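Everything on this sheet refers to the single structure shown next.
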Amino acid sequence: MSFSLASTLPAWQALQNHYENVGKHLVLRDLFDKDSSRFNKLSHTFNGLKEEDGPIFFDFSKNLITEETVKLLVQLAKEANVEGLRDSLFNGDHINFTEGRAVYHPALRNLSDKPMKVNGEDVMPGVRSVLKHMKEFSDAIRSGTWKGYTGKPIKSIVNIGIGGSDLGPVMVTEALKPYGKQDMELHFVSNIDGTHLAEALNKCDPETTLFLIASKTFTTAETCTNAQSAKDWFLSQAKDPAHVAKHFAALSTNEKEVTAFGIDSANMFEFSDWVGGRYSVWSAIGLSVALYIGFENFEAFLGGAHAMDNYFRSTPLEENIPALAALISIWYSDFFGAQTHLVAPYDQYMHRFPAYLQQLSMESNGKAITRSGDMVNYTTGKILWGEPGTNSQHSFFQLVHQGTKLIPADFLIPIESHNPIDNNKHHRMLFSNFAAQTEALMLGKTPAEVKAEGAADEIVPHKTFVGNRPSNSIIAKKITPASLGALISFYEWVTFTEGAVWNINSFDQFGVELGKKLAKNVLSQLDAEGKVNDHDASTNGLINLFKTGF
Ligand SMILES: O=P(O)(O)OC[C@H]1O[C@](O)(CO)[C@@H](O)[C@@H]1O
């Protein structure tokens with residue numbers, strides 16, 4: 001069935017009725033009381049990983065859903081042709097139609113020997129050749145056989161990139177710190193704020209530092225400016241531009257600009273335009289990851305994502321974990337009116353995971369025009385946010401528990417800690433908080449319960465928790481390269497399914513362009529003499545204040 005607005009699909013209408021008649025009256029406590037098999041029925045296990053890495057368990061039972069809700073949501077996905085778009089994606093079709101490109105990042109982690117074609121051409125030989133280059137290079141740097149211009153091995157890596165050329169490498173190297181090379185210093189410079197570069201360079205020695213200039217386009221203003229300043233800093237000591245070859249590598253699709261910058265094409269790690277920035281940690285953009293955790297671990301990371309890809313591609317929607325997570329999220333966004341989605345990893349190493357998911361989800365689905373060119377009349381991209389537990393409990397969880405907003409949440413934890421200190425006491429405490437939070441959100445606390453604890457009458461409403469607040473619990477065996485790869489891929493497919501149902505193009509990002517263009521204009525005005533007067537009064541006032549100072 002072809003459609004423009006998802007809200008015109010029969011299943012959408014059926015869900016609307018279901019929400020009015022059933023959904024908004026659901027009480028989680030009662031649902032569990034009535035059905036002793038609810039947990040089993042609404043939880044799923046992803047078994048695609050090796051024994052040391054998996055499985056990953058997904059509990060969807062603490063959601064405001066019934067089996068009927070799931071049925072209707074799956075029907076919505078079918079009517080929206082999620083399966084068709086999924087097949088087109090894996091077929092290498094140009095589903096990013098606004099930019100005329102395929103969406104083919106699964107090829108980067110295709111560790112099988114199966115070909116994957118774009119425009120009739122198998123991309124796998126190219127993918128494998130870049131991986132081979134990454135392996136040789138990372139082995140040479142890690143073993144110390146690669147020497148800097150004074151003959152010393154490399155100690156510090158500075159990745160200069162922003163957005164997808166930064167968030168993936170930062171998040172993954174942090175999440176996989178236990179696998180990292182302990183004596184390798186990693187720095188990530190993304191912000192054009194000179195402080196970011198200055199602080200990284202303060203800790204580096206030009207003789208032992210390798211710069212990775214990570215930019216798909218190699219035209220991003222922040223990255224090009226930071227890279228140039230880094231090169232100036234390096235040459236102020238190394239003097240001879242020939243030494244750049246030992247200390248600068250480029251991760252990009254744009255050979256022309258890389259060469260113009262002065263980086264040897266032998267030190268260029270390429271990828272293709274069918275890799276979106278926010279899906280690029282699997283590509284050459286992941287070189288800092290491979291350098292830090294070693295190529296074998298990087299390959300395991302790809303393998304975990306590949307396993308989730310195979311699962312998503314081949315599992316019927318009724319059982320498909322990423323598809324179900326996406327559909328439940330749509331249920332809250334579009335029928336309950338939830339605006340945000342919280343992700344709380346109970347794993348300190350994963351502290352950048354929510355930030356990474358913000359780009360993945362919000363740059364992908366922050367769109368209001370359907371694939372057919374119409375303005376949607378429903379909510380799309382949710383506001384994704386989060387921080388690790390238990391810290392988040394001591395800051396914003398007050399609002400999640402007792403505020404006025406419905407905030408669906410993902411709670412994530414590994415069973416095995418990398419640091420089982422004090423006889424694993426810390427991890428047991430971490431898990432107890434993980435479990436207690438989702439329980440508290442669901443059960444709440446009735447006025448009678450508060451009163452029974454001896455609260456004064458006027459205090460009872462303040463200590464009452466309405467409860468009935470939904471959450472997903474995701475339990476990994478351990479955060480390993482493979483399980484992390486699978487988790488990221490899970491969220492990619494959640495994002496994909498949401499975009500497919502909303503019928504938007506999840507793969508362009510025109511929304512970031514306008515600000516970039518206007519900033520260029522303002523910059524040229526900052527460099528020119530005199531006051532500006534060609535903006536609105538507020539913008540004129542702010543620019544002139546910066547020019548003249550207080
Ligand atoms: O890798 P590049 O081309 O420097 O782009 C960086 C980031 O900028 C964006 O285009 C948005 O500004 C992201 O999509 C991308 O990840």
Side-chain angles (χ1 to χ4, degrees), residues 95-105 108 130 134 158-173 188-193 196-197 211-231 248-261 263 268-289 352-367 381 384 488 491-492 495-496 499 504-523:
I95 66 165
N96 175 5
F97 68 97
T98 53
E99 297 183 306
R101 290 173 185 168
V103 175
Y104 223 38
H105 51 275
L108 299 167
V130 174
M134 288 169 74
V158 182
N159 186 86
I160 297 181
I162 196 164
S165 299
D166 168 70
L167 287 161
V170 174
M171 183 276 282
V172 174
T173 50
F188 292 90
V189 175
S190 49
N191 204 328
I192 190 59
D193 184 342
H196 213 178
L197 182 64
F211 292 94
L212 305 176
I213 313 303
S215 177
K216 175 176 167 178
T217 55
F218 228 80
T219 57
T220 303
E222 290 93 331
T223 302
C224 293
T225 309
N226 278 327
Q228 190 56 52
S229 301
K231 195 166 111 181
F248 282 76
L251 326 175
S252 186
T253 58
N254 191 343
E255 188 174 351
K256 192 166 152 250
E257 289 298 328
V258 168
T259 321
F261 180 82
I263 294 180
M268 176 173 172
F269 297 81
E270 274 190 275
F271 57 105
S272 302
D273 70 357
W274 41 258
V275 182
R278 51 196 173 275
Y279 304 91
S280 63
V281 68
W282 320 101
S283 73
I285 292 292
L287 185 60
S288 54
V289 177
R352 295 299 286 161
F353 197 55
Y356 173 80
L357 294 183
Q358 280 181 326
Q359 188 198 14
L360 171 62
S361 179
M362 291 159 78
E363 196 168 72
S364 295
N365 287 339
K367 320 277 164 71
L384 194 148
I488 301 172
Y491 278 103
E492 285 180 359
T495 306
F496 168 86
I504 52 178
N505 180 9
S506 302
F507 304 103
D508 61 17
Q509 56 284 317
F510 296 120
V512 297
E513 294 306 323
L514 179 61
K516 282 190 200 172
K517 207 169 149 207
L518 297 189
K520 254 191 201 164
N521 179 34
V522 174
L523 182 61

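The structure presented is a predicted model; accordingly, all values stated were derived computationally and were not measured. Numbering of ligands and ligand atoms starts at 1, following listing order.
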(request) With heavy atoms under 4.0 Å as the rule, classify the contact between Q509 and ligand 1 as side chain, backbone, both or neither. (result)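 Looking at Q509 and ligand 1, just side chain atoms fall under 4.0 Å.
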Review point. Looking only at heavy atoms, is any part of V512 under 4.0 Å from ligand 1, and if so is it the side chain, the backbone, or both, or is it neither?
Key: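 Near ligand 1, V512 shows its side chain, while the N, CA, C and O stay back.
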- Message: Using a 6.0 Å distance limit plus a 45 degree cone around the ring axis, check whether K231 lies over the aromatic ring of F261.
- Response: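 The answer is yes, since K231 meets both limits relative to F261.
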Requested in this report: Would you please determine whether E513 falls within less than 4.0 Å of ligand 1 on a heavy-atom basis?
Outcome: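 The answer is no, since E513 has no heavy atom less than 4.0 Å from ligand 1.
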Regarding ligand 1, does [X] bring an N or O atom to under 3.5 Å of one of the ligand's N or O atoms?
X    : answer
Q359 : yes
T217 : yes
F218 : no

Kindly indicate whether the side chain of T98, heavy atoms from C-beta on, has any atom under 4.5 Å from the side chain of N96.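 The answer is yes; the side chains approach within 4.5 Å.
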Notebook entry, point to check: Are any of the side-chain heavy atoms of I285 and V275 separated by less than 4.5 Å?
Noted result: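 Sidechains of V275 and I285: no contact.
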To which protein heavy atom is [atom] closest, and what is the distance rounded to 0.1 Å?
atom                   : result
atom 5 (O) of ligand 1 : T220 OG1, 3.5 Å
atom 9 (C) of ligand 1 : E363 OE2, 4.1 Å
atom 8 (O) of ligand 1 : K516 NZ, 4.5 Å

Aromatic ring pairing F507/Y279, orientation class (parallel under 30°, perpendicular over 60°, tilted between)
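It falls in the tilted class, 30° to 60°.
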**Prompt:** Going by the atom numbers of ligand 1, which of them fall below 4.0 Å from some non-hydrogen atom of I162?
**Reply:**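 What qualifies from ligand 1 is 6 (C), 7 (C).
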Counting each atom of ligand 1 from 1 as listed, which ones have a heavy atom of G164 under 4.0 Å away?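 Every atom of ligand 1 under 4.0 Å from some heavy atom of G164: 15 (C), 16 (O).
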ask   = Do Y356 and Y491 have ring centroids that are under 6.0 Å from one another?
value =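 Centroid distance Y491-Y356: not below 6.0 Å, so no.
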Just by modelled atom types, is the [Y] backbone N or O under 3.5 Å from a matching donor or acceptor in the [X] side chain?
X    : Y    : answer
N159 : D166 : no
H196 : V189 : no
S252 : S215 : yes

